[in-house]
Amino acid sequence: MSTIVLSGSTDPLGRRVKALLEGYEGVERIVEVGTHELGGHDHDEGSDLKASIEGASAVVHLGGDIDETKVLLDAAAATGVGTIVMLSSATVYGAWPSNPVPLTEDAPLRPNPELEFAVRAAERERLAVEWKSDHPGVTIAILRPAVPVAEDASGWLARALKAAAAVRAVGNDDPPEQYVHLDDLADAIVLAQRTRLDGPFNVAPDGWIAGDQVRALAGVPRVRVPEPVARRIASARWKLGLAPAPPGLLPYTVHPWVIANDRLKAAGWRPGSTNEEAYVAAHRPAPWATVSPQRRQELALGGAAAALAGAAAGAVALIRKARRK
């Protein structure tokens with residue numbers, strides 16, 4: 001009978017992972033830890049956390065910042081945990097014109113420096129690799145999923161990419177995209193824990209959705225503007241709170257970063273949903289889907305004007321604010 005430590009158990013993915021673990025014979029106890037336990041608030045450098053996970057055989061780490069990850073890894077080392085599964089993101093590969101299609105786990109980690117989400121994920125991976133060099137007997141599976149989605153939770157990354165894609169730079173074709181259902185991602189996480197996978201593993205369905213097919217599924221017109229204008233619009237929308245997409249996400253809507261799943265499939269994982277099925281499950285049909293192509297073009301032109309006006313207004317407001325300081 002085993003005890004498993006689970007961090008990040010309260011969000012839609014964590015709840016799925018917990019339910020799967022509870023369904024397996026041999027799992028005696030699941031210890032759920034959150035930000036409070038991982039904050040290093042205790043005077044004895046996490047002694048409370050170490051006491052709570054004493055005797056655990058595995059740690060499944062689904063989130064947290066660099067410091068929280070370090071606290072959990074140190075506690076795992078102190079209590080003799082032999083298996084660790086850590087959730088990362090395919091964004092760690094970065095979105096670059098030179099990216100091969102698809103990217104394998106052998107590709108270098110080159111997150112776009114302007115996207116904090118990707119940089120933080122890559123730093124967590126670096127920390128885990130360095131930690132493992134001092135604990136060679138421990139297996140660490142690092143899972144790099146494509147964009148996670150589900151009916152009950154699109155997630156920040158999916159929402160931000162959709163918002164960022166509304167304004168595209170002229171001259172760039174829409175890159176292919178990948179979406180993995182949270183049910184399939186939870187299956188991959190539990191598989192990694194139960195079979196003690198070691199090293200990085202991409203998590204995505206077979207293949208990807210071509211850029212023009214994504215546009216058809218979204219049914220939303222996309223405004224095309226010069227790249228410098230697209231960057232200014234993205235920055236203004238973010239600063240004014242008009243969109244959930246930080247400017248650093250823009251390259252991920254321009255350049256490819258789709259991943260290969262061969263390594264995880266060789267370990268026994270099989271996705272239950274395709275990219276298209278996962279996308280459709282998480283995105284409600286847009287009103288644009290019933291609008292004629294001519295009307296879409298008219299509304300897109302109007303949207304472009306509104307976006308440019310908003311960007312200009314935002315820029316003026318920021319300049320005035322800076323002058324008052």
Side-chain angles (χ1 to χ4, degrees), residues 1-9 11-30 56-63 76 81-93 100-107 109 121 124-125 128-129 132 135-150 155 178-209 257-279 281-282:
M1 303 294 286
S2 61
T3 295
I4 299 173
V5 178
L6 177 61
S7 79
S9 61
D11 65 14
L13 175 60
R15 291 194 294 270
R16 284 170 164 83
V17 172
K18 181 183 177 183
L20 288 176
L21 291 173
E22 289 175 336
Y24 282 105
E25 184 178 354
V27 176
E28 179 182 25
R29 187 167 66 106
I30 297 175
S57 60
V59 167
V60 178
H61 186 38
L62 302 182
V81 171
T83 301
I84 295 174
V85 179
M86 191 173 78
L87 184 66
S88 183
S89 168
T91 58
V92 296
Y93 294 114
V101 177
L103 291 151
T104 69
E105 289 85 353
D106 293 329
L109 302 192
R124 286 201 308 271
E125 288 199 27
V129 170
K132 180 176 169 57
H135 305 84
V138 181
T139 62
I140 300 184
I142 298 174
L143 302 186
R144 299 169 180 164
V147 183
V149 291
Q178 285 176 313
Y179 296 86
V180 59
H181 197 285
L182 287 185
D183 291 347
D184 292 331
L185 179 53
D187 284 340
I189 291 167
V190 174
L191 172 70
Q193 179 270 318
R194 290 182 61 81
T195 61
R196 300 194 71 208
L197 296 183
D198 201 16
F201 291 84
N202 293 333
V203 189
D206 297 339
W208 47 83
I209 312 175
W257 52 288
V258 294
I259 52 179
N261 65 4
D262 304 78
R263 190 175 188 210
L264 188 59
K265 288 180 68 176
W269 179 76
R270 293 293 182 272
S273 298
T274 65
N275 285 284
E276 292 83 356
E277 289 169 342
Y279 180 93

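Between V138 and V81 the shortest side-chain heavy-atom distance does not fall below 4.5 Å. Residues I209 and Y179 are in side-chain contact: their nearest non-hydrogen atoms beyond the backbone lie under 4.5 Å apart. By the 4.5 Å heavy-atom criterion applied to side chains, I189 and L13 are counted as neighbours. At least one side-chain heavy atom of L6 sits less than 4.5 Å from a side-chain heavy atom of K18. Taking the side chain as every heavy atom from C-beta outward, R263 and N202 never approach each other to under 4.5 Å. The side-chain heavy atoms of P271 and V180, taken from C-beta on, include no pair separated by under 4.5 Å. With a 4.5 Å cut-off on side-chain heavy atoms, Y93 and I259 count as touching. Proximity of V17 to V190: side-chain heavy atoms (C-beta onward) are separated by under 4.5 Å at one or more points.
R16 and D187 are not joined by a salt bridge, as no carboxylate oxygen comes within less than 4.0 angstrom of a charged side-chain nitrogen. Salt bridge annotation for R144-E125: present, with a cationic side-chain nitrogen under 4.0 angstrom from a carboxylate oxygen.
Looking at every heavy atom in both residues, H181 comes nearest to A281 through CD2-CB, 4.4 Å.
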Please lay out, stage by stage, how I84 and K132 fare under the test side chain to side chain contact (heavy atoms under 4.5 Å, CB included). CA-CA 10 Å; I84 295 174; K132 180 176 169 57; over 6 Å; no

Show your reasoning for whether side chain to side chain contact (heavy atoms under 4.5 Å, CB included) applies to E22 and I30. CA-CA 8 Å; E22 289 175 336; I30 297 175; 3.5 Å; yes

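Judged purely by atom type and a 3.5 angstrom limit, D198 uses its side chain to pair as donor or acceptor with the backbone of I140. The backbone N or O of G207 sits less than 3.5 Å from a side-chain atom of N275, completing a donor-acceptor pair.
Contacts classified as salt bridge (charged side-chain N to carboxylate O under 4.0 Å, His left out) and involving residues 268-278 (residues at least two apart or in different chains) are not found.
For A188, the side-chain contact (heavy atoms from CB on, under 4.5 Å) partners at least two apart in sequence or on another chain are L143, V203, L264, W269.
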